[in-house]
S.K.: 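Input: one structure, supplied below.
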Amino acid sequence: MSLNNVLDINDENFRLSNFSERYESNVRTYSRDFPAVFHRAKGSVLYSDTNKPYLDFFSGAGALNYGHNNPVLKEALINYISKDGISHGLDLFTSAKERFINSFVQYILCPRNLDYKLQFTGPTGTNAVEAAVKIARKYTGRKNVISFTNAFHGMSLGSLSLTANPKKRKGAGVALHDSIFMPYDGYLGPDIDTSLVLKAMLQDGGGLDKPAAIIVETIQGEGGVNTASRSWLRKIYQIAKELDILFIVDDIQAGCGRSGTFFSFEEYQIKPDIVVLSKSLSGYGLPMSLLLLSPEIDIWEPGEHNGTFRGNNHAFITAETAISNFWATKMFSEDLSNKIGFFDNVLDELQREHPEIGLRGRGLFRGISFNEENIAGKVSAEAFNHGLIVETSGVSGHILKLLPALTISQRELQDGISIISDVLKKRGK
Ligand SMILES: *Cc1c(COP(=O)(O)O)cnc(C)c1O
């Protein structure tokens with residue numbers, strides 16, 4: 001790359017996205033769907049470099065449940081940094097980690113009667129999934145892991161082996177081993193209980209080697225906002241318990257309040273052996289992942305799953321602040337459940353105006369389906385032109401996925417849906 005190719009900011013044809021468009025790898029994706037240069041963000045609004053506001057129904061794919069630059073989290077972080085708090089600490093004991101663990105146990109685990117050991121993995125979701133299946137294999141001495149149709153568990157090889165999307169799997173370039181896919185709830189239509197398929201395949205004569213674990217998303221984020229019913233999840237859980245198979249909930253996207261409760265499964269009377277959290281755990285968009293392990297499963301040798309960036313201390317600070325401010329009392333949850341009720345009404349109204357659409361998901365984790373395959377992408381693109389960021393999901397991008405921040409106002413929820421409604425009206429003409 002010669003210096004002559006480097007762009008001149010003073011050139012009158014210069015646009016701010018030139019550097020990214022010219023030099024960033026072709027692998028980039030969201031910037032193709034939302035082609036603005038973003039400069040700052042507050043709450044549920046992002047601003048471009050030209051100061052154009054965009055209402056955010058995307059929330060960093062679910063990593064910004066408390067909105068952009070949440071003032072409570074920001075203040076705690078600035079305060080910590082200004083006092084030269086530890087920023088990098090491998091897995092050393094730090095006061096930031098002590099505070100996080102204390103609040104997580106006190107305000108999240110104890111009130112829900114959950115007893116888990118905490119493992120801080122590398123900061124991405126996929127790293128935590130890798131750790132989850134690694135310990136499940138070590139603990140059971142078995143190889144196979146059962147995953148479900150349309151599942152998404154991450155892009156590194158182990159997680160990718162559990163991810164259904166054929167295009168993403170092909171990118172591996174090697175065989176993806178030791179995973180078995182079973183039909184998710186609803187995959188064979190509304191009348192077929194797919195837990196019976198799982199049960200049949202695991203019976204003697206079903207031919208499957210007994211798996212180490214079953215890993216499931218209660219709401220499939222990347223797979224099209226497919227939602228498991230309570231009864232289906234409970235049946236899958238029962239099957240795992242009866243056969244001594246570990247039950248892993250990947251709550252990376254559905255957790256941290258997105259479904260309406262802190263854990264997406266907490267009202268379902270199941271107790272997963274392993275829970276995976278990431279995306280919104282830090283609350284501030286800072287990378288952080290956490291594995292919750294039933295104590296007896298924690299048979300790691302020291303250092304057996306290592307990593308330089310385990311336990312991001314800045315993320316401990318914002319995560320702890322989010323927990324002690326938003327989850328320690330009932331206020332935030334009650335406000336959230338009112339907001340969800342309001343959003344349900346707004347969405348029902350949208351569906352009355354546009355009977356051709358379908359609604360899916362629960363909590364503030366919602367999806368809109370259309371009667372034709374390629375509409376969602378067009379609606380997303382049009383909505384972006386009208387100042388709304390909303391992404392698509394599903395194996396062919398056929399679902400519009402709505403992930404507003406949990407802190408969004410009713411007014412903004414209404415505004416976002418009005419933009420979608422206008423786009424749909426224009427398309428109908
Ligand atoms: C995003 C996501 C992952 C992967 O997390 P990364 O941080 O992108 O590696 C895994 N599982 C689910 C359910 C996710 O939504």
Side-chain angles (χ1 to χ4, degrees), residues 27-30 58-65 119-134 136 145-165 167-169 171-172 176 179 181 184-185 213-228 233 247-259 262-265 272 274-292 305 307 309-312 315 319 360-367 391-395 397 399 401-403:
V27 78
R28 69 188 172 81
T29 157
Y30 293 112
F58 171 50
S59 300
L64 290 162
N65 280 2
Q119 181 185 354
F120 302 104
T121 65
T124 61
T126 196
N127 195 294
V129 171
E130 297 284 350
V133 294
K134 203 194 245 187
V145 173
I146 289 184
S147 168
F148 292 94
T149 49
N150 285 315
F152 180 84
H153 296 292
M155 298 295 282
S156 55
L157 289 181
S159 309
L160 197 52
S161 75
L162 304 165
T163 292
N165 187 312
K167 223 171 112 194
K168 300 214 155 62
R169 292 180 70 83
L176 297 171
S179 54
F181 286 88
Y184 193 72
D185 194 13
I214 296 175
I215 184 166
V216 66
E217 298 156 273
T218 60
I219 305 166
Q220 295 184 320
E222 302 311 293
V225 198
N226 309 306
T227 312
L233 260 183
F247 190 77
I248 306 174
V249 172
D250 178 347
D251 229 10
I252 291 177
Q253 195 161 155
C256 300
R258 176 56 59 194
S259 72
F262 187 85
F263 295 110
S264 66
F265 55 84
I274 303 176
V275 182
V276 195
L277 290 174
S278 182
K279 289 203 167 84
S280 268
L281 182 60
S282 84
Y284 204 68
L286 296 171
M288 174 180 183
S289 291
L290 173 61
L291 218 55
L292 303 176
H305 189 83
F309 291 108
R310 281 166 305 144
N312 175 342
R360 16 175 106 188
R362 63 187 172 92
L364 289 183
F365 196 156
R366 305 302 301 265
E391 77 162 327
T392 60
S393 140
V395 75
I399 303 294
K401 183 168 84 169
L402 319 178
L403 294 180

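As the structure lists them, so they are numbered: ligands from 1, and atoms in each ligand from 1. Owing to the predicted nature of the structure, the values given are computational and were not obtained by experimental measurement. Side chains included, hydrogens not; waters and symmetry mates left out as well; all remaining heavy atoms used.
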S.K.: Decide yes or no on side-chain hydrogen bond (donor to acceptor under 3.5 Å, both in side chains) for S156 and T126, but give the supporting numbers first.
M.R.: CA-CA 6 Å; S156 55; T126 196; 2.7 Å; yes
S.K.: Does E217 reach ligand 1 with a nitrogen or oxygen that is under 3.5 Å from one of the ligand's nitrogen or oxygen atoms?
M.R.: no
S.K.: Find out whether F148 and E217 are in side-chain contact, i.e. whether some heavy atom of one side chain is under 4.5 Å from a heavy atom of the other.
M.R.: no
S.K.: For the pair F58 and Y30, name the ring-plane relationship: parallel under 30°, tilted 30 to 60°, perpendicular over 60°.
M.R.: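 The arrangement is tilted - the two ring planes meet at 30° to 60°.
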S.K.: Under 4.0 Å from a heavy atom of T124: give me the atoms of ligand 1 that qualify, with their elements.
M.R.: 7 (O), 9 (O)
S.K.: Let me see the working for Q253 and I219 under side chain to side chain contact (heavy atoms under 4.5 Å, CB included), right down to the final yes or no.
M.R.: CA-CA 8 Å; Q253 195 161 155; I219 305 166; over 6 Å; no
S.K.: Is the shortest distance from atom 7 (O) of ligand 1 to a protein heavy atom below 4.0 Å?
M.R.: yes
S.K.: Between K279 and ligand 1, which residue portion shows a heavy-atom distance shorter than 4.0 Å: side chain, backbone, both, or neither?
M.R.: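 Side chain only.
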S.K.: With side chains defined as the heavy atoms from C-beta onward, is the minimum distance between I248 and V145 less than 4.5 Å?
M.R.: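 With C-beta onward as the side chain, the pair stays apart.
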S.K.: Quick one: which ligand 1 atoms are inside 4.0 Å of a heavy atom on D250?
M.R.: 10 (C), 11 (N), 12 (C), 13 (C)
S.K.: In the protein, which heavy atom is nearest to atom 3 (C) of ligand 1, and how far is it?
M.R.: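 I find the closest protein heavy atom is F152 CE2, 3.7 Å.
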S.K.: Taking non-hydrogen atoms only, is T126 closer than 4.0 angstrom to ligand 1 via side chain, backbone, both or neither?
M.R.: both
S.K.: Using side-chain heavy atoms (C-beta onward) and a distance below 4.5 Å, is F152 in contact with N165?
M.R.: no
S.K.: Please state whether H153 comes within less than 4.0 angstrom of ligand 1, counting heavy atoms only.
M.R.: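 H153 counts as a contact of ligand 1 under the 4.0 Å cut-off.
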S.K.: Counting N and O atoms only, with roles assigned by atom type, does the side chain of Q220 sit under 3.5 Å from a partner on the main chain of N226, one being a donor and the other an acceptor?
M.R.: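 Absent.
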S.K.: G125 versus ligand 1: do any nitrogen or oxygen atoms come within less than 3.5 Å of each other?
M.R.: yes
